[in-house]
Enquirer: 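Next up is a structure, given as structure tokens.
Residue numbers start from 1 in every chain, and the chains themselves are labelled A, B, ... in the order their sequence lines are given, proteins ahead of strands.
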Amino acid sequence: MIERPAAEREPGSYRDPSGFVFRRDGHLYRQINARIADDWSLFTYSGLHAALVEKGLLIPDEPAELGLAPEPGAVAIIRPEEIGFISYPYEWSFSQLKDAALLTLQAQAVAAEHGMTLRDASAYNVQFRHGRPILIDTLSFERARPDEPWKPYRQFCEHFLAPLALMAHRDGRLGLLLRDFIDGVPLDLASKLLPRGTRWSPGLAAHVHLHSRAQRRHAASADPAPKAASMSETRRRALLDHLQRTVEGLHLPAQGTQWADYADQTSYSAAGTASKEAIVGRMLRAASGERAWDVGANTGRYSAIAAAAGYEVVAVDGDWAAVERHYLALRAAGEPRIMPLLADIADPSPAIGWANRERASLLERTNADVVVALALVHHLAIGRNVPLPMVSELLAQLAPKLIVEWVPKEDPMVGRLLAAREDVFPDYSVDGFRSAFGRHFEIVEEAPIDDSLRVLFRMAAAGITASGARTPSGPPFASAGDAASRKLRS
Amino acid sequence: MRLLLAYIDPGAGSLVIQAIIATVVSIPFFFRNAIRSTIAKFRRSPQPVDKKGLTPPDPE
């Protein structure tokens, strides 16, 4: 047999001794270790594996050759379907996290029907695929034992319930706490931050406030398995039912979901909007590619145009309310090609966790062929004081092709930005823009938007050959797939 | 089992409170299910018409 390429273990896949995820020859695999051989065979023979995949709750996989195992002790190797773009819970809006929580409970219910149970309930085990959440950790299931408590209870509360409750009852931005607490929001913190009134909501009183108090009281207890911990089947089902009702009962306050029509708050006339849409659509088709990132996507007007042009789209916006609204609209429409993502491009998600390698930074996860940056540059250059060459550099790092809108100082929206600050932006001119972006891109075409002072540019990274291949100095384009799988906490 | 507990680390407090909450919520859970299954039983049976031509009372 020819020598196999080296296997590279995924940096985020180290916590579970039952197996791990690795990459070999560009493909993603999961090794299943002998210590859970019984659970693994029950998972298959009970029909749970097939049932979960059939219901769209678990990522499909196919068996792979055992010889691919990079480490001893493997009883099976599987090759799961890869998720195109990996996102993390702190990049999800309220409803995305809520849907992920409900998916986890649904998977638990199906597992229970097959005599099995989830053994963890990490939010990182959920990814979005075709617009819907799906479990990606095939090793999360084990045989249910009679009278055993639901082990992932605490994790479920910390990863899902606490941040959801904080978003619903305090502020939609509090989901970002998950960025600081990779193991979920500590319940004592959630209990402190939640409004006092939530003590009267039975679900939150029980699963957050009392839960936190119980943790504190028993923190010093040396006995890890108190007698009371044994639980009948009915009680376990009742607990899960109650958790589900609690999650389902969480909603964002009305003012959080009735944002004024963002997308319509533009300075465009109807003719200007129509012209911009037509040009963007044409440029997207001309750019050609499979994946687009719409940066500053707002509620997704142009993400939809990119999807219609055949792209898989990551729609990035820093406003949680816009991302929430976008997600709800996509979910209602059943649109599978757009993934709304909460991230501020001026402060993208950092790499976090063990050795800063467990969860990749947003920029490491770029998989875009084209980045769409409409009505964005002036926000960065004037709103955030980022020099134009740095804006260009960042966009070049995201994708080799760019569709960007130039908004001149004379534009009313820029006027609004400048109204409250000193104009210290002498280079903010179309010539300054051309020269700044010329450092990283070549302008392929430009088109003025009708009835407006704005201009759309289509650019390609300098150094891209006619075939679209990248020069070695370019961003880590080839590693997009690697980063894309950096997810699995197993 | 011990290894798995260490892996998940449910915490003693979480185990205790989970058992207590489960006990409390199992009471309404039990009754809800009982009511639901009663309703389902009536729904499933074909609406029998008695001699007076009346359908059985609605099970609420």
Enquirer: Holding to side chain to side chain donor-acceptor pair (under 3.5 Å), I want the full list of residues that pass it with Ser201(A), two or more places apart in sequence or in another chain.
Expert: none

Enquirer: By side chain to side chain donor-acceptor pair (under 3.5 Å), which residues pair with His169(A), not counting sequence neighbours?
Expert: none

Enquirer: Testing the basics here: between Ser14(B) and His211(A), what is the closest heavy-atom pair and its distance to 0.1 Å?
Expert: OG-NE2, 2.6 Å

Enquirer: Within this structure, what is the CZ-CG distance for the pair Arg154(A) and Leu15(B), rounded to the nearest 0.5 Å?
Expert: 10.0 Å

Enquirer: Does Arg213(A) CZ have over 12 foreign heavy atoms under 6.0 Å away?
Expert: no

Enquirer: What distance do Ile17(B) atom CD1 and Leu187(A) atom CG have between them, rounded to the nearest 0.5 Å?
Expert: 11.0 Å

Enquirer: Testing the basics here: between Ala238(A) and Ala22(B), what is the closest heavy-atom pair and its distance to 0.1 Å?
Expert: CB-O, 4.2 Å

Enquirer: So which heavy atom on Tyr153(A) is nearest to which on Gln18(B), and how close?
Expert: CB-NE2, 3.4 Å

Enquirer: CZ/Arg235(A) to CD1/Ile20(B) distance, rounded to the nearest 0.5 angstrom?
Expert: 9.5 Å

Enquirer: Taking the side chain as every heavy atom from C-beta outward, state whether Arg217(A) and Val16(B) have any atom pair closer than 4.5 Å.
Expert: no

Enquirer: Going by the rule side chain to side chain donor-acceptor pair (under 3.5 Å), which residues pair with Arg9(A) if we only count those two or more places apart in sequence or in a different chain?
Expert: Glu71(A)

Enquirer: With a 4.5 Å heavy-atom cut-off (strictly below), which parts of residues 24-31 of chain B touch chain A? List them by number.
Expert: Val25(B), Ser26(B), Phe29(B)

